[in-house]
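Below, chains carry the letters A, B, ... as their sequence lines are ordered, and counting in each starts from 1. Remember, it's a predicted structure, so these values are computed and weren't measured experimentally.
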2 protein chains.
Amino acid sequence: MRDIEVKIAWQGQSNCQSCSIRSSVLFSELNEEDFSKIHAPIDDLHFESGATIYAQGEHGQNLYTLREGFVKLLHLNEDGTERIVRLIKHGDLFGMEALLGSAHESSAIALGRVYLCRLPASMIVTLGEESPRLHRQMMKKWGEALSQSETWFSQMNTGRADLRIARFLLALAKEHEGVIKAPLFKREDMGLMMDIKLETVSRSLASLSEMNMVTDVGRSFVTIPDLEKLKKFCQQGL
Amino acid sequence: MRDIEVKIAWQGQSNCQSCSIRSSVLFSELNEEDFSKIHAPIDDLHFESGATIYAQGEHGQNLYTLREGFVKLLHLNEDGTERIVRLIKHGDLFGMEALLGSAHESSAIALGRVYLCRLPASMIVTLGEESPRLHRQMMKKWGEALSQSETWFSQMNTGRADLRIARFLLALAKEHEGVIKAPLFKREDMGLMMDIKLETVSRSLASLSEMNMVTDVGRSFVTIPDLEKLKKFCQQGL
DNA sequence: CGTTGGTTTGAAAGGACTCAAGAGGGGTGG
DNA sequence: CCACCCCTCTTGAGTCCTTTCAAACCAACG
């Protein structure tokens, strides 16, 4: 119990109308009238690295919008093996099983420090039935989740290990202070995303680095000197 | 063009209220009032093996409910590699990207002879905004699709090849005339589902057969003499 | 300065892939 | 009705890649 308390912190209640990432999230299309229907509290939360936001098998009452950081959805199979089935990024909605009243299919765990909004499922359900705008928006979010999951799966689980890593870096690359960087996670987590062992992740990164596809391989970042070169590598696998 | 004509056949218009699989599909919760709102035609179609129901990149106007057979969702990556991202089964709804007006993320291709219903997306959208029952039902279908995709992915893409095949068989096993059988597909397709080469699929099936996990390995079916034994094998990987 | 958790690296073993040849089955045309 | 062809599936041998097990390394932290 104490463990949870240190890992989660309440940041206050959200004011969605003035939210900085509103344009990319669930409420982007809502108008004043719709907002007036929101009575349940939307909480603004903060989790430490490694904290469990919800666990597989739980019947959650909430869904979540990620404001900052990364979250992994970890699925435990019956035979004891684990896989990361989706990587939640800034602006993504997750935990949508709560809308259906069904148990969570996977555990949501913070990768690094994480800030998110917690929305009561009941509110979203009723609002969705009353507001065509939110209805549309929810369809869209479901669709995005599905498409992300399938593209992710299709890209990160095909071919040789170094190609998987390269595609992974490409998918997550972002310009940051003039240089293009991609985030890295614990090698074990990266392995769980692509179904390779952590040693292989490490070796693949080393070999990409030798080929000058990436530089400054660190614990949580790499820089990509030439994005086009990396793209070509992904496609041709030279 | 002629190629398409022989592979697709119109079976007439559907009467959803008396549909034999209505309980498992999109309209299961609708009442008389909702049905009265359905004006657009729902067609009953038939595709031959290998026919493309829709292609990746197309902006479809319809979604589909599978009545009989299997459909593969084949995703072509930018680098030319392909993966089967989902296997559509009896009662499943697919092609939901049409609801969002976005392009199909993958091609839908008939695996064997297939019977399905074609629903105009526009109808579902308006109906969904008017009927809370259909709204709920659609959420549920999206959720099912996502959960299927993720479980599928997590199960069929982890561990040794023979274990993947075993899990695959387990997931598709059904009692048929007293014996438990599982459908098989072309070895290449099975390979695309689990990211293994077709030769490896063949070898794995042979090795499962040697261990008496399965018998009568044929082109399109295997029989499973002892379901519990197969389950144990999946979990322990002895 | 030793401990701890995570990362890298090495060597050997095992699994999957490639290429290639052969076998089976269904359909077609003589 | 049979011979033939084509497509698919199986099987074999060698190579390449990934895993496994182990040890060394590194940075953060008390």
Residues in residues 180-196 of chain A with a heavy atom under 4.0 Å of DNA chain C, by number, are A/Lys186, A/Arg187
Quick one: does any side-chain atom of B/Ser49 pair with a main-chain N or O of B/Gly112 as donor and acceptor, under 3.5 Å? yes
message: Main chain of A/Glu78, side chain of B/Gln235: is a donor-acceptor contact present, judged purely on distance under 3.5 Å?
response: no
Rounded to 10°, the angle between the first-five-pair and last-five-pair axes of the helix from C/dC1-D/dG30 to C/dG30-D/dC1 is 30°
Show each protein N/O and nucleotides 12-15 of chain D N/O combination with a separation under 3.5 Å, one pair to a line.
unit_1	atom_1	unit_2	atom_2	d
D/dG12	N7	B/Arg203	NH1	3.0
D/dG12	O6	B/Arg203	NH2	3.2

To the nearest angstrom, the CZ-P distance between B/Arg160 and D/dT19 comes to 13 Å
In short, salt bridge (charged side-chain N to carboxylate O under 4.0 Å, His left out) pairs touching residues 205-229 of chain A with sequence neighbours left out are A/Glu228-A/Lys231
Only one of A/Asp43, A/Asp44, A/Thr65 passes side-chain hydrogen bond (donor to acceptor under 3.5 Å, both in side chains) with A/Arg118, and that residue is A/Asp43
**Asked** Does NZ in B/Lys72 sit with more than 12 non-hydrogen atoms of other residues, nucleotides or ligands closer than 6.0 Å?
**Response** yes
* To do: Decide whether A/Ser154 and B/Asn77 meet the rule of one side-chain donor and one side-chain acceptor closer than 3.5 Å.
  => yes
Identify each donor-acceptor pair in which a side-chain atom of residues 164-173 of chain A lies under 3.5 Å from a protein atom, sequence neighbours left out, and give them as a table.
unit_1	atom_1	unit_2	atom_2	d
A/Arg164	NE	A/Gly159	O	2.9
A/Arg164	NH1	A/Met194	O	2.5
A/Arg164	NH2	A/Gly159	O	3.2
A/Arg164	NH2	B/Asp195	OD2	3.0
A/Arg167	NE	B/Asp79	OD2	2.9
A/Arg167	NH1	A/Gln155	O	2.7
A/Arg167	NH1	A/Thr158	O	2.8
A/Arg167	NH2	A/Thr158	O	3.4
A/Arg167	NH2	B/Asp79	OD2	3.1

Nucleotide N/O of nucleotides 22-25 of chain C paired with protein N/O under 3.5 Å:
none

To the nearest angstrom, the CD1-C1' distance between B/Ile165 and C/dG15 comes to 14 Å
A/Leu198 atom CG is separated from C/dT8 atom P, nearest whole Å, by 10 Å
#### Entry: D/dT19 phosphate, OP1 or OP2, under 4.0 Å from A/Thr200 side-chain N/O
yes
Once the angle between the rings of B/Phe185 and B/Phe70 is folded into 0 to 90°, is it parallel (under 30°), tilted (30 to 60°) or perpendicular (over 60°)? perpendicular
Residue pair A/Leu87 / A/Trp152, side-chain heavy-atom distance below 4.5 Å = yes
Is any side-chain heavy atom of A/Val71 closer than 4.5 Å to a side-chain heavy atom of A/Ile109? no
Here the distance between atom C1' of D/dC17 and atom CG of A/Leu208, to the nearest Å, is 15 Å
### Message
Treating B/Asp92 as the side-chain partner and B/Lys89 as the backbone partner, does any N or O pair qualify as donor plus acceptor under 3.5 Å?
### Response
yes
Do other residues, nucleotides or ligands put more than 12 heavy atoms under 6.0 Å from the CD atom of B/Gln61?
no
Problem - Polar side-chain atom of B/Thr223 near backbone of B/Lys181 as donor-acceptor pair, under 3.5 Å - result: no
Quick note, B/Lys197 side chain, CB onward, closest among C/dC17, D/dC17, D/dT11 is C/dC17
